[in-house]
Amino acid sequence: MAGGGFVSQGGGKQHAGEVNNFVIITCLVAAMGGLIFGYDLGISGGVTSMAPFLQKFFPAVYEQEAKAQGGNQYCKFDSQLLTLFTSSLYLAALVASFFASMITRMFGRKMSMLVGGLVFLLGSILNGAAINIAMLIIGRLLLGFGIGFANQSVPVYLSEMAPAKIRGALNIGFQMAITLGILVANLVNYGTAQIKSGWGWRLSLALAAVPAIMMTVGAFFLPDTPNSILERGNMEKAKAMLQKIRGLDNVDEEFQDLVDACEAAKKVQHPWKNILQPRYRPQLVICVVIPFFQQLTGINVITFYAPVLYKTLGFGDSASLMSAVISGVVNVIATIVSIVTVDRFGRKALFLEGGIQMFVSQLAVGGMIWKSFGVNGEGSMSGGIEADILLALICVYVAGFAWSWGPLGWLVPSEICPLEIRSAGQAINVSVNMFWTFVIGQLFLSMLCHLKFGLFFFFAGFVAIMTIFIFWFLPETKNVPIEEMNTVWKAHWFWGKFIPDDAVIGHHVSMEPYGKGV
């Protein structure tokens, strides 16, 4: 996995200069954009398993759940309206990511983060105060708009600010913030569900304002990236910012790379048309396939609906919310593992290991649910040891995701695109991700009802396919300066034929095919 021999680093560009505190603090503040996404992912599943919330907004589901005591457990939450509450957000995020792409290009990454934080804040206020389903759904749509802006701008911002040798670790700060958001949301749900008078769900939804305020205030104080300042035509300011983030006075060589990339980008009037050209085929395929596969690992089933899923499997109210907290803690710890290892072992090793781990644990989870509930969904987990084993298997699965597809699904697409298609590439990444998040969010409870335990085998099948895809088609990108990424594609056994010679900076590439196998 070393892969160090196939790209000359262009005289150590982007590697000189110490990693300074300014960059690290800047990247940590920017990564807070992940908090709003994570908090929301974690909160909606818990709220939809709370009885007072269901009674007020979804009385039909509440009655259905009460009836299912002892009957078919697979179908007790099957309601399109309930899933619309969760998934409407992702449709809004999908639409927003296209607007965000234009704003990110024209006004800078920072402006997109500010807009995202403010709109999300508005949505959380509406949701906490909701008195009917319309207020609830409009609030969700605003939250989605905020998330679309944040997810579009933050990963690009992080990739542009970070020096190549720690780009992976700093970029995963975004995923780290998502997992912390999920964990905090699980803890909040556990706490608010204990409120006897039944208004706990309001507190859960309104507290989304906290990460929104943190992100908005943070974005207000952040500097813009040198790439973004250049894109808007201010060379002196861009150079000064580059010197500041690299901690060096002499950044001429790297600055020249940025200027060249920016000149090339300026010639591109239509990044959307451009990304369809054959020379960008590898980036386009990866920006579509990786987010698609990331959702078909089945992770959001666990994240959104963990409390609902545990309740379906017969855990009590408190136990199901507590189990969600446990898988949330595992998620955070495994993401830390990813931060430590991604620039050392590389992206590919983590993808492959995580894929195998998820595949095995999903087969085991499906097998256990089949054993307990059979095909007709009648039965229960014989508490104690069986439920503990199931929870442990789900945690093994969550860990596998959290150090592979979770963070890398955001990192890899944001670091592989040249500047002229970077905004478009990231918008495609976010919108494909949100589209499939929406589809799975909307269909999951119905799929559980119809596919039953087979749902876990369905996702395991996709995990097998995506692991094989990564093995053959993803080259290693660790430690490669972001403006020299074409060298990696040019050297790849399959993608090399799409990359014209003039697209490789300095043409310093040894042409042995790279990326076949590990």
Spell out, as yes or no, whether a donor-acceptor pair under 3.5 Å connects the side chain of R281 to the backbone of L276.
yes
Ring centres of F293 and F462 under 6.0 Å apart?
no
Which class fits the ring pair F453 and W370: parallel under 30°, tilted 30 to 60°, perpendicular over 60°?
tilted
Smallest heavy-atom separation, T297 atom then F401 atom, equals OG1-CE1, 3.6 Å
Would you tell me whether N331 and S327 have side-chain atoms, one donor and one acceptor, within less than 3.5 Å of each other?
no
So, do W272 and F98 have ring centers that fall under 6.0 Å from each other?
yes
Within the 3.5 Å criterion, strictly below it, is a donor on S414 or N171 matched to an acceptor on the partner's side chain?
yes
Taking the six-membered ring for Trp and the single ring otherwise, decide whether the centroids of F351 and W403 are under 6.0 Å apart.
no
Side chains of S159 and E415: do they bring a donor and an acceptor to under 3.5 Å?
no
Quick one: pull up CD in Q426 and CH2 in W410 and give me the separation to the nearest 0.5 Å.
7.0 Å
Would you say the ring centroid of F58 lies under 6.0 angstrom from that of F53?
yes
In terms of the angle between their ring planes, are W201 and F57 parallel, tilted or perpendicular, with boundaries placed at 30° and 60°?
perpendicular
Please report the C-alpha distance between S101 and S423 in whole Å, then the side-chain angles of each, then the deciding distance to 0.1 Å, and finally whether the side-chain hydrogen bond (donor to acceptor under 3.5 Å, both in side chains) criterion is met.
CA-CA 5 Å; S101 151; S423 296; 5.0 Å; no
